[in-house]
Amino acid sequence: MIRFYATLLLVLLFNGALFAQKNTDSLKKDSARQLNQVTVRGYLSEQKVLAVPASVSVLTPAQLKLQPDNSLVSAMNTIPGVRMEERSPGSYRLSIRGSLLRSPFGIRDVKIYFDEIPLTDAGGNTYLNAIDVNSVQGIEVLKGPDGSLFGANSGGVVLISPVNRYADSSFVSAAVDGGSYSLLHESFAFQDHNANNQLNINQAYETYGGYRQNSSMYRNYFQAVDRWKISQKDNLKILAFYSDLFYKTPGGLTLSQMEADPRSARLPTATIPGAIEQKIAIGTKMLMGGLVNEAHITDNIRNVLAIYGSYVDFYNPFITNYEQRYEGTFGMRTYFELTGQEHPKYSWKANVGLEWQQTNSDINNYGNNMGARDTAQTLDKINTNQHFFFARYSADFFKRLHVEAAMSLNFYDYKFRNVYPNDEPDFTNRPFTAQLMPRLALSYQITNNFAWRASVSRGYSTPTTAEIRPTDNVINTSLQAEYGWNYETGFRLRNDDESMFLDASVFLYKLQNAIILHINPNETETYLNSGGTNQPGFELYFTDWIIRQNDDSFIRGLQFNESVTLDKFTFSGTHNQLTGVPQQVLISSFQVKFPESLYFFIEHNYTSRLPLNDGNTVFAPHYNLLEAKIGWQHLFNHKTKFEIYGGADNILNENYSLGDDLNAVGNRYYNPAPLRNYYVGIKVTI
């Protein structure tokens, strides 16, 4: 906490310096205006961040560029309330405001969209690690439950932009970087832009040897987005990507094993083989595509229609078995927007729409004979259907007060049939009661630069396919959905030239019927509903160009960023701290621009200790991470640009685990992260 108060003191000092500079310097407003370009599209139409009555954070292409380009982890963790982990290269976990409670691996309880298309399938699973980081051109994170427009979720929503909507020129770019532990990442991007069409193609290949034994990975990725302007009022977009991802998983270590050799994979015991012997790994081949049409039917009525499908071939040789899944998803999402006639004192919009998904899964478990599929254990079919209707009304009064009311009606059911050993002839249906998910929100712009907001929303999250049929291979029909109410208020503040921005919020989320993980003695998993959680928290994001961007000083710009997450998430019954969730995360960074397009970026991440089991008897210690990046750009002409950059991660050489195994059998909690490591790269754009 000392560091937190020191940071606030620095913020005040920096602002004092900023306003002193304003009184003495002639500002170049056009170059300083960085934040007024940031808008949010998550609530169906584009809005300036200042007036949005919700906790929403935006990662722009410029922010993503400052972070290492082999993983989304560092960039996502700069957002208050968001925790992203990578237990081994390629193995993502993502949580928003404590939703990690349900995610021993992967991503659950968070709804993710790729443009207008749900990346999260009907069974609640999301293969975010299938996407290459260099193909992401922007991210919006809507924090807290927001089922009113996006269906069942109690953690939040992530919107991924595959195309930079501000890049309106044609270009070709190629980049390659490499680094410690045999890192190699190559990427290619092509954009052809004209008056009626914009075609984007991205290709990437990444391979990484890994810090630990049995932790190498590779990813082949191809993405295409083609947008046609059919007429002045009609746009059609085609999106598709293919990903071939493979990564080995080293497994967890005990504390003594980690201290003896942090680079080792999970060791064998007298009765159970280790990770190397069983060749533990995960392979995911995913093909996804869809059509998105935006039609302006009249000057006041707009429709967006998305039709999409995906196919996943997944396999996972593990210690105890070999799992293979074949998953096909298809669906649609559409909504209409009616805009009222604008009056000097009043304007309004109304939306109505629906989203429907069906995921059909073949989930098969076999014996694992040293990485090879052996005899069948259990073969199941699970078909999951999720659909919801939603409506939203928003109004602005006197261009100061913004009010929103939204609601969705959610339907969910799954059918299952055992193929082996029972050879069941028919599917058994497990329906869930339809649920209403309302949201009320408002913001009031007290001045042109200061806005206060408040909201209340209901969260509701059905069990995922991986929870209904966990690794004990038993269909759990008794598992219920979790639900709760989130209460929130906050404010946003900027200065006149929009080079400074402050966003702060406090919230209380009371979750009922929480789904938690239970590890059986044989290391298989099962899930159960267990009481609830109390989740009060405080989040703050601050950014400031202390020295405005300019063309004539030695320091051409100095930007300071601070992200603060403070929470006290506890289980309702025991008042124990929520498993896997730190109570304090403080992330500070500086970006410095020099003449000749030379830049320097440095970031510090403090994460407090966190409990590794529900009983709070074991904690992972706090850690301090320091990373830095330096780069130089050279413009050969108005279009051709060359860039060279290099960076270092974990500069302080911390011994820490970026993604622990929670409630682990045998106290194998720890997945040691790499010590100090480096990377260098080049990029050419023409």
Side-chain angles (χ1 to χ4, degrees), residues 28-49 58-66 69 75 113-117 131-140 159-175 187-204 222-241 290-296 299 302-304 306 337 498-499 549 551 557 593 597 599 631 633-643 683-686:
K28 297 188 175 182
K29 278 187 111 174
D30 288 341
S31 63
R33 286 182 177 270
Q34 299 299 310
L35 296 166
N36 62 337
Q37 297 291 331
V38 179
T39 57
V40 178
R41 295 175 62 91
Y43 290 95
L44 307 186
S45 57
E46 195 159 312
Q47 303 177 62
K48 294 288 183 65
V49 170
V58 179
L59 289 176
T60 65
Q63 291 171 296
L64 292 169
K65 175 189 171 185
L66 294 173
D69 64 357
Y113 286 77
F114 182 80
D115 197 86
E116 293 280 352
I117 297 175
I131 297 177
D132 180 78
V133 63
N134 282 344
S135 300
V136 175
Q137 300 301 316
I139 296 174
E140 293 180 19
L159 310 174
I160 297 173
S161 298
V163 175
N164 182 356
R165 63 181 183 269
Y166 300 115
D168 57 359
S169 61
S170 298
F171 63 84
V172 177
S173 70
S187 62
F188 169 85
F190 168 81
Q191 176 169 294
D192 181 38
H193 180 90
N194 58 53
N196 296 315
N197 181 258
Q198 179 173 308
L199 172 64
N200 290 83
I201 295 175
N202 293 78
Q203 173 275 330
F222 181 84
Q223 172 183 298
V225 180
D226 200 1
R227 181 176 179 268
W228 279 291
K229 188 175 182 180
I230 298 173
S231 69
Q232 288 296 112
K233 295 185 176 182
D234 200 355
N235 292 292
L236 177 64
K237 188 165 23 180
I238 300 177
L239 307 95
F241 73 77
L291 303 174
V292 179
N293 189 77
E294 180 175 347
H296 293 260
D299 291 340
R302 179 173 69 102
N303 172 253
V304 175
E337 181 174 85
E498 302 186 61
S499 59
Q549 297 189 75
D551 297 323
K593 294 189 173 184
S597 298
Y599 65 88
Q633 295 180 354
H634 182 69
L635 195 64
F636 290 98
N637 51 49
H638 73 283
K639 191 173 181 181
T640 303
K641 182 170 63 177
F642 172 82
E643 180 178 358
K683 182 177 182 179
V684 178
T685 302
I686 58 175

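Treat the numbers as computed from the prediction; the structure is a model and nothing was measured.
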Looking at every non-hydrogen atom in both residues, tell me the closest pair between [X] and [Y] and how far apart they are.
X: L64; Y: G138; answer: CD1-N, 3.8 Å
X: N134; Y: N202; answer: O-ND2, 4.1 Å
X: I686; Y: T640; answer: CG2-CG2, 3.6 Å
X: S169; Y: Q191; answer: O-NE2, 2.5 Å
X: D115; Y: K237; answer: OD1-NZ, 3.1 Å
X: S45; Y: E337; answer: CB-OE2, 3.5 Å

(message) Under a plain distance cut-off of 3.5 Å, with no hydrogens placed, do N293 and D234 share a side-chain donor-acceptor pair?
(response) yes

Working to the nearest 0.5 Å, report the span between [atom1] of [X] and [atom2] of [Y].
X: I117; Y: I160; atom1: CD1; atom2: CD1; answer: 12.0 Å
X: D132; Y: Q223; atom1: CG; atom2: CD; answer: 8.5 Å
X: F190; Y: N200; atom1: CZ; atom2: CG; answer: 9.0 Å
X: L236; Y: S231; atom1: CG; atom2: OG; answer: 11.0 Å

(request) Mark yes when over 12 heavy atoms from residues, nucleotides or ligands other than Q232 sit less than 6.0 Å from its CD; otherwise mark no. (result) no

(request) Taking the side chain as every heavy atom from C-beta outward, state whether L635 and S597 have any atom pair closer than 4.5 Å. (result) no

(message) Can you confirm whether V225 sits close enough to Q198 that some side-chain heavy atom of one is under 4.5 Å from a side-chain heavy atom of the other?
(response) no

(message) Could you work out, with salt bridge (charged side-chain N to carboxylate O under 4.0 Å, His left out) as the rule, every residue matching R227, not counting sequence neighbours?
(response) none

(request) Tell me, please, which residues at least two apart from D168 pass salt bridge (charged side-chain N to carboxylate O under 4.0 Å, His left out). (result) none

(message) Please determine whether salt bridge (Lys or Arg N to Asp or Glu O under 4.0 Å) holds for the pair E643 and K683, giving the CA-CA distance in whole Å, both sets of side-chain angles, and the decisive distance to 0.1 Å.
(response) CA-CA 5 Å; E643 180 178 358; K683 182 177 182 179; 5.7 Å; no

(message) Does D299 form a side chain to side chain contact (heavy atoms under 4.5 Å, CB included) with K233? I'd like the steps, not just the answer.
(response) CA-CA 9 Å; D299 291 340; K233 295 185 176 182; 3.6 Å; yes

(request) Could you tell me whether K65 sits above the aromatic face of Y599, with NZ or CZ closer than 6.0 angstrom to the six-membered ring centre and within 45 degrees of the axis? (result) yes

(message) Under the rule for ring-ring contact (aromatic ring centres under 6.0 Å, His included), what residues qualify as partners of F114, not counting sequence neighbours?
(response) F241

(request) Look only at the side chain of E116 and the backbone of A306, and say whether a donor-acceptor pair between them is shorter than 3.5 Å. (result) no

(request) Would you check if the side chain of S161 reaches a backbone N or O of N164 as a donor-acceptor pair within less than 3.5 Å? (result) no

(request) I would like to know whether N197 and D226 meet side chain to side chain donor-acceptor pair (under 3.5 Å); could you show each step before the answer? (result) CA-CA 7 Å; N197 181 258; D226 200 1; 2.9 Å; yes

